[in-house]
Amino acid sequence: MNYRHAFHAGNFADVMKHAILALVIEHLKLKPAPCRVIDTHAGTGRYSLDAVAATKSGEWRDGIGRLLSGAIPADVAQTLAPYLDAVRSANPNMSDAPNAIPAVYPGSPLIARSLLRRGDYLVANELHPADHAELARHFAGDPQTKVMALDAWTAMKSLLPPKERRGVVLVDPPFEEPGEFHRLADGLREATRRFETGIYLLWYPIKDPKRIRSFRARLADLGIGKLAVAELWIRKPVNPDLLNGCGLAIVNPPYLLGEKLDVLLPFLADRLAAGSGAEGVYAALGSAPLDRV
Ligand SMILES: C[S@@+](CC[C@H](N)C(=O)[O-])C[C@H]1O[C@@H](n2cnc3c(N)ncnc32)[C@H](O)[C@@H]1O
């Protein structure tokens with residue numbers, strides 16, 4: 001396990017993933033019944049943007065840094081509000097001035113926790129011993145959060161279905177081992193058998209478009225009812241060795257999420273572009289908008 005999220009926290013992929021996670025949690029909160037967030041690959045939860053790792057990679061500058069570098073149109077601002085509220089809640093001293101940069105970037109478990117209500121529950125799972133220890137420190141004494149150190153693929157089996165029977169499962173592997181795309185699809189098939197009505201967000205990197213097309217086809221073959229993907233391509237994928245974008249496969253996407261992402265993703269593609277040909281797409285699997293990419 002070499003991957004450390006501290007080098008990547010707040011990058012373009014985090015912005016996209018965390019903005020969508022926040023929208024899904026807000027959707028779950030529309031009903032009074034409690035819900036649960038299960039974060040299978042949680043990381044440490046909290047990243048100092050002036051720490052050595054973040055400074056060395058500088059990735060956050062082209063993510064949250066760029067996002068906050070200019071005015072945000074009102075319709076996009078509304079869609080980003082839950083996410084940016086979570087970023088602000090991790091930075092209570094952050095100025096409201098345009099271009100203000102957060103000192104701390106909250107990872108997925110911190111974002112989720114800051115949006116949950118009393119009675120909702122978070123399970124944050126992280127296998128790396130040092131990252132798990134740090135994660136556990138951040139949530140020490142929190143009765144609404146359980147921090148675990150299971151292998152994520154085991155966790156997906158043993159934690160589902162949650163007792164609330166309402167919730168979102170974020171699966172965010174580091175993709176440092178071969179076969180991760182297959183494991184993701186297989187894990188999803190297993191998980192949806194246990195918790196069919198759950199919302200699932202599965203993150204994947206976009207490098208070679210051919211690989212992405214075959215991953216989408218594999219997902220479509222699982223025969224899961226409601227399945228969409230949100231993809232952010234930060235440049236035309238001329239070089240398949242580069243991280244050219246990222247995607248989230250979304251099972252049981254909430255009502256109206258598609259309309260929100262149709263506004264958000266093109267904006268993110270524009271603001272976070274790393275070259276020509278950037279685009280943001282949301283579509284049900286197998287539908288026309290994805291045939292372009
Ligand atoms: C992309 S990072 C997670 C980032 C986090 N979800 C966020 O958005 O802030 C992936 C994490 O998965 C952890 N990890 C890798 N393999 C794992 C496994 N088999 N089970 C649980 N965690 C694992 C890594 O240590 C790393 O912290």
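Atoms within a ligand are numbered from 1 in the order they appear, just like the ligands themselves.
- Counting non-hydrogen atoms of other residues, nucleotides and ligands closer than 6.0 Å to NZ of Lys236 gives a total of 12 or fewer.
- Using a 4.0 Å cut-off to heavy atoms of Lys17, the atoms of ligand 1 that qualify are 8 (O).
- Near Thr40, with a cut-off below 4.0 Å to any heavy atom, the atoms of ligand 1 are 21 (C).
- A pairwise comparison of heavy atoms in Glu134 and Arg46 identifies OE2-O, 3.7 Å as the closest pair.
- The closest protein non-hydrogen atom to atom 20 (N) of ligand 1 is Ala152 N, 2.8 Å.
- Taking all atoms of both residues into account, the shortest heavy-atom contact from Leu67 to Arg271 is O-NH1, 2.9 Å.
- Within the listing of ligand 1, atoms 27 (O) sit less than 4.0 angstrom from a heavy atom of Gly43.
- With respect to the salt-bridge test (charged N to carboxylate O, under 4.0 angstrom), the residues Lys260 and Glu26 do not qualify.
- None of Arg137, Arg113, Arg118 except one satisfies the salt bridge (charged side-chain N to carboxylate O under 4.0 Å, His left out) rule with Asp142; the exception is Arg113.
- The nearest non-hydrogen atom to atom 18 (C) of ligand 1, considering only Leu127, Leu170, Asp172, Thr154, comes from Leu127.
- Counting the atoms of ligand 1 from 1 in the order shown, those under 4.0 Å from a heavy atom of His128 are 25 (O).
- Of all atoms in ligand 1, listed by their number and element, those nearer than 4.0 Å to a heavy atom of Gly107 are 9 (O).
- A donor-acceptor pair is defined here as one N or O able to donate and one able to accept, closer than 3.5 Å; no such pair exists between the side chain of Arg165 and the backbone of Thr197.
- At the shortest separation from atom 14 (N) of ligand 1 among protein heavy atoms lies Met1 CE, 3.6 Å.
- Interface atoms of ligand 1 facing Leu150, defined by a heavy-atom separation under 4.0 Å, are 20 (N), 21 (C).
- For ligand 1, the atoms lying closer than 4.0 Å to a non-hydrogen atom of Ala42 are 5 (C).
- Among Glu177, His18, Glu126, the residue whose heavy atom sits closest to atom 26 (C) of ligand 1 is Glu126.
- Across His41, Arg183, His8, Met148, heavy-atom proximity to atom 3 (C) of ligand 1 is greatest for His41.
- Between Tyr47 and ligand 1, a contact under 3.5 Å exists for no N or O pair.
- For atom 2 (S) of ligand 1, the closest non-hydrogen atom on the protein side is Tyr3 CE2, 3.4 Å.
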task: Might you work through the salt bridge (Lys or Arg N to Asp or Glu O under 4.0 Å) test for Asp186 and Arg183, ending with a clear yes or no?
output: CA-CA 5 Å; Asp186 292 348; Arg183 230 187 329 268; over 6 Å; no

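- Each of the following atoms of ligand 1 lies closer than 4.0 Å to a heavy atom of Asp151: 18 (C), 19 (N), 20 (N).
- In this structure, the protein non-hydrogen atom closest to atom 9 (O) of ligand 1 is Ser108 N, 2.9 Å.
- Identified under the ring pair (Phe, Tyr, Trp, His ring centres under 6.0 Å) test for residues 14-54, with sequence neighbours left out: His5-Tyr47, His18-Tyr105, His41-Trp153.
- A distance-only check finds a donor-acceptor pair linking the side chain of Asn252 to the backbone of Glu196 [under 3.5 Å].
- A pairwise comparison of heavy atoms in Ala191 and Met156 identifies CB-CE, 3.7 Å as the closest pair.
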